[in-house]
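Everything on this sheet refers to the single structure shown next.
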There are 2 protein chains.
Amino acid sequence: MSKMPKLEDVTDPACCAPLSGPALSEAEAAELAKVFKALSDPVRLRLLNMIASVDGGEACVCDLTGAFELTAPTISHHLKVLRQAGLIEGERRGTWVYYRVVPDRLTRLSGLFALPALVPA
Amino acid sequence: MSKMPKLEDVTDPACCAPLSGPALSEAEAAELAKVFKALSDPVRLRLLNMIASVDGGEACVCDLTGAFELTAPTISHHLKVLRQAGLIEGERRGTWVYYRVVPDRLTRLSGLFALPALVPA
DNA sequence: TCGCTGGATAGACGGATGTCAAATTAGATG
DNA sequence: CATCTAATTTGACATCCGTCTATCCAGCGA
């Protein structure tokens, strides 16, 4: 839509091959680390959880803010981190801003932890 | 007191339910965050990658250290973080120490990012 | 026993990160 | 336009984290 800042593109690299696969390049590891860094905070995990599990797929910031004993700027900061990691995306509708998860991102992370068939012949 | 954590017991909580599932408790989110924090460093990701993909399932620290332009204490520190997160475990055999992944841990993380069947209204 | 080597620990230092208060932007409504 | 509310940005501050050097511990072999 309008001018949603592109921010950082963490979408291409190191998203598909499992950790048990071919060697991660330095750059791939760095990009991946950014995503996990975004997930490495309890508040952000709960935010992502709330957004991912809300009925309708969208959560209003106004609702998220009330769920924590933190100031609005702090919640806003965490949402920005999640957004920059490509895990969520936001949209303003009138007075309020709504966030939803980027399913593709989560699915790809899932594949990262896939293990090769244990016990080969 | 059956749930008394020894050092850092990150094994029980928040391991199975997907992020899109029921609300994460504060404690669950905190424990999960520890695991992701362990994964939020490029060096640790590459270490885990190397350990997970090495033939035989075990990697000698002596080999891991040589793969980075970092001092041995730094590598040792990163391995400790991964170990405390429950992602790897080490064993000393004679002069050398070998690390291997904890498959259960990785598999569970995979499930975290599973999404419910997309509901097209 | 001594000495050598692989690995872990301790302490220090600089840069990153989470939090808040204050200021700012964007829509809605008088 | 004036003003109110929702949300973000800015700047400051305390804490945390990655890295190093120096030191210590554990096996092995002469």
For A:Leu112 and A:Leu32: C-alpha separation, side-chain torsions, deciding distance, then whether side-chain contact (heavy atoms from CB on, under 4.5 Å) applies. CA-CA 10 Å; A:Leu112 254 185; A:Leu32 241 193; 3.5 Å; yes
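When each of A:Gly94 and A:Val81 is assigned the nucleotide of DNA chain C bearing its nearest heavy atom, the one mapping closer to the 5' terminus is A:Val81. For the pair A:Thr95 and A:His77, both in contact range of DNA chain D, the more 5′-proximal nearest nucleotide belongs to A:Thr95.
Of the side-chain N and O atoms in A:Lys80, none sit less than 4.0 angstrom from OP1 or OP2 of D:dT8. OP1 or OP2 of D:dT8 sits under 4.0 Å from a side-chain N or O of A:Tyr99. Side-chain N/O atoms of B:Thr71 include none lying less than 4.0 angstrom from OP1 or OP2 on D:dT19. At D:dT19, one or more side-chain N or O atoms of B:His78 fall inside 4.0 Å of OP1 or OP2 (strictly under the cut-off). Look at A:Arg44 and you'll find a side-chain N or O under 4.0 angstrom from OP1 or OP2 of C:dG18.
Across all strands shown, A:Ile75 has no heavy atoms under 4.0 Å from either base or sugar-phosphate atoms.
Remark: A:Phe113 CZ to B:Leu48 CG distance equals 8.0 Å, nearest 0.5 Å. If you take NZ on A:Lys37 and NZ on A:Lys34, they are separated by 10.0 Å, rounding to the nearest 0.5 Å.
Across the protein-nucleic acid pair, A:Gln84 atom CD and D:dT8 atom P stand 12 Å apart, rounded to whole Å. Summarising the geometry, the separation between CG on B:Leu79 and C1' on C:dG6 is reported as 13 Å, rounded to the nearest angstrom. Put simply, CG on B:Leu70 is 8 Å from C1' on D:dT19, counting in whole angstrom units. Taking atom CH2 of residue A:Trp96 and atom P of nucleotide C:dG27, one finds them 14 Å apart after rounding to whole Å. Taking atom CG of A:Leu47 as the reference point, atom C1' of C:dT19 lies 14 Å away to the nearest angstrom. In this structure, NZ of A:Lys34 is placed 14 Å from C1' of C:dA16, rounded to the nearest angstrom. Distance, A:Glu91 CD to C:dG27 C1': 15 Å, rounded to whole Å. As rounded to whole Å, 15 Å separates atom C1' of C:dG6 from atom CZ of B:Arg93.
Under the 3.5 Å distance criterion, with hydrogens and angles disregarded, no donor-acceptor pair is assigned to the side chains of B:Ser53 and A:Ser20.
A:Glu58 CD: more than 12 foreign heavy atoms inside a 6.0 Å radius.
Considering only the side chain of B:Arg92, C:dG6 comes nearest among C:dG6, D:dT8, C:dA26. Looking at the side chain of A:Lys37, the nearest of the listed nucleotides C:dT9, C:dT17, D:dT8 is C:dT17. With C:dG18, C:dA8, C:dA21 as the candidates, the nucleotide lying closest to the side chain of B:Pro73 is C:dA8.
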